[in-house]
Student: 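Mind looking over this structure? Questions follow.
By convention here, the first residue in the shown sequence is residue 1.
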Amino acid sequence: MDGLRTSMNFISVVVPAWRVQGYLGECLDSVLDQQTVDAEVISVDDASPDHSGEVLDERAAADPRLTVVHLPANGGPGPARNAGLERATGEYVWFVDGDDRIVPGALAAIEARLREEKPDVLVVGAARERWNRSVSLWRTPGSVTTGPEALTRAAPPLGALVVRRQFLAESGIRFQPGWYSDLGFAYAVLAEAGSVATFEPACYVRRLDRDGSIRTTRSARHADAVAQYDYALSRPVVAGASPKLRRRVLDRAVTELLKIMEDGSRVPRDARPAMFTAVSGLLRKHEVGAAARAGGAGGLRLKLIAADSFGAYRALRGVRGTVGGAVRSVRTAPSTAKARLRKPGLRWYYRWQLRRPIDEKLAVYAAYWYRGYACNPAAIYEKAKELAPDVRGVWVVKPGHGPLPKGVKYVVSGSRAYFRTIARAKYLINNATFPPDVVKRPGAVHVQTHHGTPLKTMGLDQPKFPASTVGFHAERMRRNIAKWDFSITANRHTTLLWDRQFPIKGETLETGYPRNDRLALATEQDVAAARAELGIAPGERVVLYAPTHREWHATFTPALDVDALAEALGPDTRVLLRGHYFYGLAGFPAQHPRVTDVSSFPTVETLYLAADAMITDFSSAMFDYAVLDRPLIIFAPDWEIYRAVRGVTFDLSTEHPGTFTRTFEELVAAFRSGQVNSPEAAEARARFRERFCSLEDGRAAERVVRRVFLSDGRAQADA
């Protein structure tokens, strides 16, 4: 904050929280990182069903500047903000949504402006951040319209308003229940404020269109906007305005409400007549007189609305939109025709299969972009055979695929059998993504299992690190995410991150990773079998080296000289080298006789069981191997580079799973000194396991199968 300080309780910041677990930490950081211990921050947990309440409590326990209010039942954003307002003691109050943030230095700058002007309301600049992290600037005008006239203009976003608390108390303005409560509040505040000042720099960053927000949710509840306009129109200062001004205010309110109603991404078609009826009631309630309506088409439109004639209104709209629709059809025709020319036979066959009934007992499995039988989908497949034997499982593999376990049915991608199976299946389970042209049918259930706990930045956060976005298509990713009914996570860390990085309208299954069941339940006999399968000699110490890929390396280029390592660790040690699959399962040509390249070995869990210790860098393999509670060593000579290029979700150098080394000499010394087996390393590993492996009890696959196959698997309604 460059030495600027915020005085005690001058500004109360109220942060409501409901299903914002992935954004809440960033929001609190943005407020508290520029606060002193005297600042007042009140966050209200609106009975959130996710981890939001836990995040708030943990932050409050570590930071006394934060007060947390837990509501006994969910009431919506309006009542939650009111609850925070009731606890506020500051001269001014600023409502900051839990999925938004404020910019560095904003509080000190705003306080200075408020002390200078002492207005009822300060309108500050607000920037809008889109889902892909691009930011556009919205600046406050030089002056803000107040009084009833304010309702003839677009209301500033709620986060742009810093309001004098005594003014709210005297006027009785409060947030109303329902969606769009910020709209009714903002209009009421500007209509009744005695004085308004502006501060043009952007101080507030809002995520208006994030997946999962109210404005991106398709629901009949968007009709709540009618009640919010009713609240603003019913304020005495508006109701007492001149008939001419009231006409303008009402006409604009009706126009804005109908825009919401006609937005197909917000209001379902079957919910529009009811919303139209509500708008009609609003018009009749607040209309000064029919004679004051405009003439022509505009007057006819208002007449139809007042009469609640939805059919006639739609007919009028249809006539006016015919020309525009024809133009759009012409513009889109060439691209449609072009798409139909590609592999027309198979595409026609796929479209035909999509029209056939869904096979309620068919599940399609895939892993690593059709590479073969592996990972979480394989574990779910095995458990489903046991618990849901009536569901037939079929795997998708690439042409030229490797061998699959005996009895596993499969189809080859691109074949007629593939298109038939992928079109008809009730369940589609994948640890990566299906091709973008795979259609999500109403009634089908897509399960995204993922394939690792994230250390690196992923998903829709990735554009923050442009150097890592080669081949990254955010819009395509967003379309894929929209198909997921279930997203599986292994721990709370992952759930919080992926709520923001892979936001879904479906359900997060925080179950642990099914693929780790084998590790959690492993016996001495299982370990012996794994070592025998790999040809490990009795008494031989096995060290597995499993590095991740690096965006700046086109081919597999291990940072560790495994030949030198094998020589340094002595004759009783065998090093297993596991290259990342992004490099085509090609390892590095080792020369040392005690180095074995296992990059193409089909089952990584067998390697984990056989290894006495594992060395990795930034790979999610560390989170899986930690389930075994064996020595884990991080070798990261390029930690700073990786952190800058790819971005990370926590500081691995201080929150590592046992031992963190940067040089070859440090790595060898850690083994020779016994540090990798020391009590200090065991304590660090225990902390790591508690944070990332607490759900790995051997029953993750069962939890997934019971939720997806043995209950109503459709986590999101077919809108």
Student: As a quick check of understanding, evaluate side chain to side chain contact (heavy atoms under 4.5 Å, CB included) for V15 and C27, giving each step before the final call.
Tutor: CA-CA 9 Å; V15 181; C27 173; 3.9 Å; yes
Student: Looking only at atom types and distance, does a side-chain atom of D517 sit under 3.5 Å from a main-chain N or O of A701, one as donor and one as acceptor?
Tutor: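 Flag set: sc D517 to bb A701 pair under 3.5 Å.
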Student: Using a 3.5 Å distance criterion without hydrogens, assess whether the side chain of R218 forms a donor-acceptor pair with backbone atoms of G264.
Tutor: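 Yes, R218 side chain to G264 backbone: donor-acceptor pair under 3.5 Å.
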Student: Could you state the interatomic distance from CG (L455) to CD (E655), rounded to the nearest 0.5 Å?
Tutor: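 If we round to the nearest 0.5 Å, L455:CG and E655:CD are 10.0 Å apart.
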Student: Compute both the distance and the angle, then confirm whether R81 meets the cation-pi test with F95: under 6.0 Å from the six-membered ring centre, within 45 degrees of the axis.
Tutor: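 Geometry flag: not set, cation outside 6.0 Å or 45°.
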Student: Quick one: does Y92's side chain get under 4.5 Å of E111's, heavy atoms only?
Tutor: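 Not in contact.
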Student: Checking R207 against D97 for the salt bridge (charged side-chain N to carboxylate O under 4.0 Å, His left out) test, could you report, in this order, the C-alpha distance in whole Å, the side-chain angles of both residues, the deciding distance, and whether it holds?
Tutor: CA-CA 9 Å; R207 293 188 177 97; D97 283 352; over 6 Å; no
Student: Only one of K426, K440, K505 forms a salt bridge (charged side-chain N to carboxylate O under 4.0 Å, His left out) with D485, so which one is it?
Tutor: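 Of the listed residues K426, K440, K505, the salt bridge (charged side-chain N to carboxylate O under 4.0 Å, His left out) partner of D485 is K440.
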Student: Can you tell me how far OG1 of T89 sits from CD1 of I42, rounded to the nearest 0.5 angstrom?
Tutor: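 Nearest 0.5 Å value for the CD1-OG1 distance: 6.5 Å.
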Student: Checking side-chain hydrogen bond (donor to acceptor under 3.5 Å, both in side chains) for the pair H450/T489: CA distance, chi angles, key distance, verdict?
Tutor: CA-CA 8 Å; H450 303 278; T489 70; over 6 Å; no
Student: Show your reasoning for whether side-chain hydrogen bond (donor to acceptor under 3.5 Å, both in side chains) applies to H222 and Y180.
Tutor: CA-CA 8 Å; H222 286 284; Y180 295 88; 2.7 Å; yes
Student: Would you say the ring centroid of F623 lies under 6.0 angstrom from that of F688?
Tutor: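 Between F623 and F688, the centre distance is under 6.0 Å.
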Student: I'd like to know if E690 pairs up with R687 as an ion pair, taking the criterion as any Lys NZ or Arg NE/NH1/NH2 lying under 4.0 Å from an Asp or Glu carboxylate oxygen.
Tutor: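 Salt bridge absent between E690 and R687.
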Student: Begin from the C-alpha positions of K383 and V704 and carry the test side chain to side chain contact (heavy atoms under 4.5 Å, CB included) through to its verdict.
Tutor: CA-CA 9 Å; K383 186 58 66 172; V704 172; over 6 Å; no
Student: Keeping W179 on the side-chain end and A225 on the backbone end, is there a donor-acceptor pair under 3.5 Å?
Tutor: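 A pair under 3.5 Å: no.
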Student: Looking at I11, is its backbone amide N or carbonyl O close enough to the side chain of E40 to form a donor-acceptor pair, meaning the two atoms are under 3.5 Å apart?
Tutor: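 Between the backbone of I11 and the side chain of E40 there is no qualifying donor-acceptor contact (under 3.5 Å).
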Student: Any chance you could measure D624, atom CG, to E605, atom CD, to the nearest 0.5 Å?
Tutor: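 These two atoms lie 7.0 Å from each other.
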Student: Given 3.5 Å as the limit, does a donor-acceptor pair link the side chain of R87 with the main chain of V44, or not?
Tutor: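 The answer is no, because no donor-acceptor pair under 3.5 Å joins these two groups.
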Student: Could you give the distance from OG1 (T548) to CG (D617), rounded to the nearest 0.5 Å?
Tutor: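 If we round to the nearest 0.5 Å, T548:OG1 and D617:CG are 6.0 Å apart.
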Student: Relative to the ring of F185, is the ring of F175 parallel (under 30°), tilted (30 to 60°) or perpendicular (over 60°)?
Tutor: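 The rings of F175 and F185 lie parallel, inter-plane angle below 30°.
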Student: Please walk me through it: do F618 and R646 pass side chain to side chain contact (heavy atoms under 4.5 Å, CB included)?
Tutor: CA-CA 11 Å; F618 322 116; R646 187 57 204 248; over 6 Å; no
Student: For R699, does the CZ atom have more than 12 heavy-atom neighbours from other residues, nucleotides or ligands under 6.0 Å away?
Tutor: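 12 or below, so no.
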Student: Under a 3.5 Å distance rule, please check whether Q34 uses its side chain to pair with a backbone N or O of V103 as donor and acceptor.
Tutor: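 Pair found, side chain donor or acceptor close to backbone of V103.
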Student: Salt bridge or not between E58 and R492? Use side-chain N to carboxylate O under 4.0 Å.
Tutor: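 Judged by the 4.0 Å cut-off on N to carboxylate O distance, E58 and R492 do form a salt bridge.
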Student: Give a yes or no on whether the backbone of A626 and the side-chain of R689 come within a donor-acceptor separation of less than 3.5 Å.
Tutor: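 Here the side-chain-to-backbone pair exists.
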Student: Are I380 and Y365 packed together at the side-chain level, in the sense that at least one heavy-atom pair is separated by less than 4.5 angstrom?
Tutor: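 Heavy-atom side-chain distance check passes, below 4.5 Å.
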Student: For I488 and W498, which heavy atoms make the closest approach, and how far apart are they?
Tutor: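 For I488 versus W498, the nearest heavy atoms are O-CZ3, 3.8 Å.
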Student: Could you tell me whether R65 and D63 have a side-chain N and a carboxylate O separated by less than 4.0 Å?
Tutor: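 The answer is yes: the pair qualifies as a salt bridge.
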Student: Does D29 come within less than 4.0 Å of R59, counting only side-chain N to carboxylate O?
Tutor: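 Looking at D29 and R59, the cut-off is met.
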Student: Do side-chain atoms of S43 reach the backbone of V68 as a donor and acceptor pair under 3.5 angstrom?
Tutor: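 Such a contact is absent between S43 side chain and V68 backbone.
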Student: Nearest heavy-atom pair of P177 and Q228: which atoms, and what distance?
Tutor: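 Where P177 meets Q228 most closely, the heavy atoms are O-NE2, 2.9 Å.
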Student: Please lay out, stage by stage, how M622 and L652 fare under the test side chain to side chain contact (heavy atoms under 4.5 Å, CB included).
Tutor: CA-CA 11 Å; M622 72 178 79; L652 184 62; 3.9 Å; yes
Student: For the atom pair CG (L632) and CD1 (I634), what is the distance rounded to the nearest 0.5 Å?
Tutor: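 With rounding to 0.5 Å, CG (L632) is 6.0 Å from CD1 (I634).
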Student: May I have the step-by-step check of salt bridge (charged side-chain N to carboxylate O under 4.0 Å, His left out) for D697 and R703, ending in yes or no?
Tutor: CA-CA 11 Å; D697 59 0; R703 287 190 281 270; 2.9 Å; yes
Student: Just by distance, do the side chain of Q21 and the backbone of H51 share a donor-acceptor pair under 3.5 Å?
Tutor: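 It does hold such a pair.
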Student: For a quick test of reading the model, state the closest non-hydrogen atom pair linking H656 to F660 and the distance between them.
Tutor: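 Here H656 and F660 meet closest at CD2-CB, 3.5 Å.
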Student: Please report the interatomic distance CG(L519) to CG(L628), rounded to the nearest 0.5 Å.
Tutor: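 Taking CG in L519 and CG in L628, the distance rounds to 5.0 Å.
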Student: Please answer whether the main-chain N or O of Y23 pairs with a side-chain N or O of D499 as donor and acceptor at a distance below 3.5 Å.
Tutor: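 Answer holds: no.
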